[in-house]
Amino acid sequence: MVSRPPTLDCSRQKEKEKIVPRSFYENPDVVKVAKGLLGKSLFTRIEGIITGGIIIETEAYAGVNDKASHVYNNRRTKRTEVMYGPGGIAYIYFCYGMHHLINAVTNVEGIAQAVLIRALHPTHGLKTMCERRGKTKVDKTLTSGPGSLCKALGITMEFYGEPLDSSRLWIKDSGLVVPDGNLLTTPRIGVDYAGDDALLPYRFVIL
DNA sequence: ATTGAGATTATT
DNA sequence: ATAATCTCAATC
């Protein structure tokens with residue numbers, strides 16, 4: 001009999017200890033979750049390759065009364081279905097015919113809120129992310145912008161409904177604390193169609 | 001069956 | 001400023 005180490009994947013085990021728990025996403029205040037996700041890290045593992053980075057920009061989408069949200073006026077379709085599910089799940093959608101965007105669904109089952117992840121500071125799998133983005137070297141745009149970061153991490157509709165604590169998609173608490181002084185709050189990007197709700201201070205950026 | 005517009009990005 | 005590009009949902 002050959003002996004074997006107690007765990008096959010120690011590094012992964014270590015990651016798992018800090019994975020953000022379901023309870024974090026169940027917070028009834030989606031704005032708090034959006035702020036709280038700043039400084040945490042988003043990862044994918046595809047074909048054994050881990051890519052990811054620190055979340056530095058988010059937006060809150062407040063649900064059926066938010067004119068900017070896909071679920072405004074109780075719109076419930078195949079596309080938006082996961083937003084009505086429990087928190088801690090990925091809501092992915094395809095936009096402008098070419099970009100995938102990723103949200104963390106928040107709140108409890110039946111209440112459709114989500115946080116759009118808009119930018120990362122790249123930390124893991126830089127080479128792979130550059131390849132996916134068609135770049136020869138890391139630059140400022142590698143994972144800045146919701147479409148760009150999804151492309152860099154290989155996120156597609158395959159990840160629709162994926163739990164955010166799964167083996168191929170997860171968010172980790174890196175213990176980073178964001179001081180209020182380093183937090184910028186602005187209206188959301190690209191939601192001019194939302195009338196007065198376009199003015200809500202629901203975008204959060206680490207300076 | 002058709003159509004219009006979108007939580008964007010890279011380039012002109 | 002604008003082309004690229006396609007899915008979905010609303011409308012006819």
Side-chain angles (χ1 to χ4, degrees), chain A residues 25 29-38 40 42 44 51 53 55-85 87-107 111-122 129-162 164 169 171 184-206:
Chain A
Y25 303 99
D29 185 346
V30 66
V31 165
K32 287 220 173 86
V33 179
K35 286 184 186 175
L37 280 172
L38 294 175
K40 293 183 169 54
L42 173 67
T44 58
T51 53
I55 298 168
I56 57 172
E57 181 180 344
T58 60
E59 281 176 1
Y61 285 83
V64 298
N65 296 315
D66 178 358
K67 294 192 188 73
S69 173
H70 291 160
V71 297
Y72 176 60
N73 209 19
N74 292 298
R75 189 162 58 195
R76 185 165 187 161
T77 65
K78 192 175 165 189
R79 178 212 207 190
T80 62
E81 186 57 33
V82 296
M83 279 193 66
Y84 291 86
I89 304 289
Y91 167 46
I92 315 288
Y93 68 96
F94 192 55
C95 190
Y96 295 112
M98 58 191 79
H99 304 294
H100 296 277
L101 279 68
I102 181 169
N103 293 254
V105 174
T106 74
N107 218 314
I111 303 183
Q113 297 181 322
V115 175
L116 173 67
I117 297 174
R118 291 191 56 89
L120 305 178
H121 172 74
M129 293 201 289
C130 285
E131 284 167 9
R132 290 185 183 135
R133 294 270 289 121
K135 292 184 177 300
T136 54
K137 52 187 296 188
V138 176
D139 70 1
K140 192 84 183 180
T141 71
L142 182 63
T143 53
S144 70
S148 298
L149 77 89
C150 282
K151 193 168 184 189
L153 300 211
I155 294 170
T156 65
M157 290 308 285
E158 296 268 302
F159 289 79
Y160 182 90
E162 185 82 10
L164 292 169
L169 178 69
I171 293 178
L184 174 67
T185 302
T186 80
R188 293 170 291 186
I189 303 294
V191 296
D192 296 341
Y193 58 85
D196 46 329
D197 285 349
L199 303 176
L200 293 169
Y202 281 0
R203 172 172 174 255
F204 308 99
V205 186
I206 295 182

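It should be emphasised that the depicted structure is a prediction, and the values quoted were computed from it without experimental measurement. Residue numbering restarts at 1 for every chain, and letters A, B, ... go by the order of the sequence lines.
Among A/Asp66, A/Asn107, A/Asp29, the single residue meeting the side chain to side chain donor-acceptor pair (under 3.5 Å) criterion with A/Gln113 is A/Asn107. Put simply, the residue from A/Arg118, A/Glu59, A/Lys35, A/Glu57 that forms a side chain to side chain contact (heavy atoms under 4.5 Å, CB included) with A/Phe204 is A/Lys35.
The distance from atom CZ of A/Arg133 to atom CG of A/Asp139, rounded to the nearest 0.5 Å, is 7.5 Å. In this structure, CG on A/Asn103 lies 7.5 Å from CD1 on A/Ile117, to the nearest 0.5 angstrom.
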Go through it in stages, so that I can follow the logic: the residues are A/Leu149 and A/Leu42, the test is side-chain contact (heavy atoms from CB on, under 4.5 Å), and I'd like the CA-CA distance, side-chain angles, deciding distance and then a yes or no. CA-CA 10 Å; A/Leu149 77 89; A/Leu42 173 67; 4.1 Å; yes
| task | Start with the C-alpha gap between A/Val191 and A/Tyr202, add the side-chain angles, then the distance that decides, and say whether side-chain contact (heavy atoms from CB on, under 4.5 Å) holds. | result | CA-CA 11 Å; A/Val191 296; A/Tyr202 281 0; over 6 Å; no
task = Just do the side-chain contact (heavy atoms from CB on, under 4.5 Å) check on A/Ile206 and A/His121 with the steps written out, would you?
result = CA-CA 10 Å; A/Ile206 295 182; A/His121 172 74; over 6 Å; no
**OP:** I would like to know whether A/Leu164 and A/Leu169 meet side-chain contact (heavy atoms from CB on, under 4.5 Å); could you show each step before the answer?
**Re:** CA-CA 6 Å; A/Leu164 292 169; A/Leu169 178 69; 3.9 Å; yes
Writing each nucleotide of DNA chain C 5' to 3' as (, ), [, ], | or . by Watson-Crick or G-U pairing under 3.5 Å yields ||||.||||||.
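Straight-line distance between the C1' atoms of C/dT2 and B/dA5: roughly 16 Å, to the nearest whole Å.
Residues A/Val115 and A/Thr106 are in side-chain contact: their nearest non-hydrogen atoms beyond the backbone lie under 4.5 Å apart.
The interatomic distance linking A/Leu101 (CG) with B/dT8 (C1') rounds to 7 Å, in whole Å. Here the C1' atom of nucleotide B/dT9 and the CD atom of A/Glu57 are 14 Å apart, to the nearest Å. In this structure, CG of A/Leu149 is placed 12 Å from C1' of B/dA7, rounded to the nearest angstrom.
Distances shorter than 4.0 Å separate none of the side-chain N or O atoms of A/Arg203 from OP1 or OP2 on B/dA7. Considering only side-chain N and O atoms, A/Arg133 lies under 4.0 angstrom from the phosphate OP1 or OP2 of B/dA10.
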With sugar-phosphate taken as primed atoms, P, OP1 and OP2 and all else as base, the protein-contact string of nucleotides 2-12 of chain C at under 4.0 Å (heavy atoms; B, S, -) is --BBBS-SS--
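Relative orientation of the A/His100 and A/Phe94 rings is tilted, given thresholds of 30° and 60° on the angle between their planes.
A donor-acceptor pair is defined here as one N or O able to donate and one able to accept, closer than 3.5 Å; such a pair exists between the side chain of A/Thr143 and the backbone of A/Leu120.
Within a heavy-atom distance below 4.0 Å of DNA chain C, no residue of residues 188-200 of chain A is found.
At a threshold of 4.0 angstrom between heavy atoms, the contacts of A/Leu116 include nucleobase atoms, whether or not backbone atoms are also involved.
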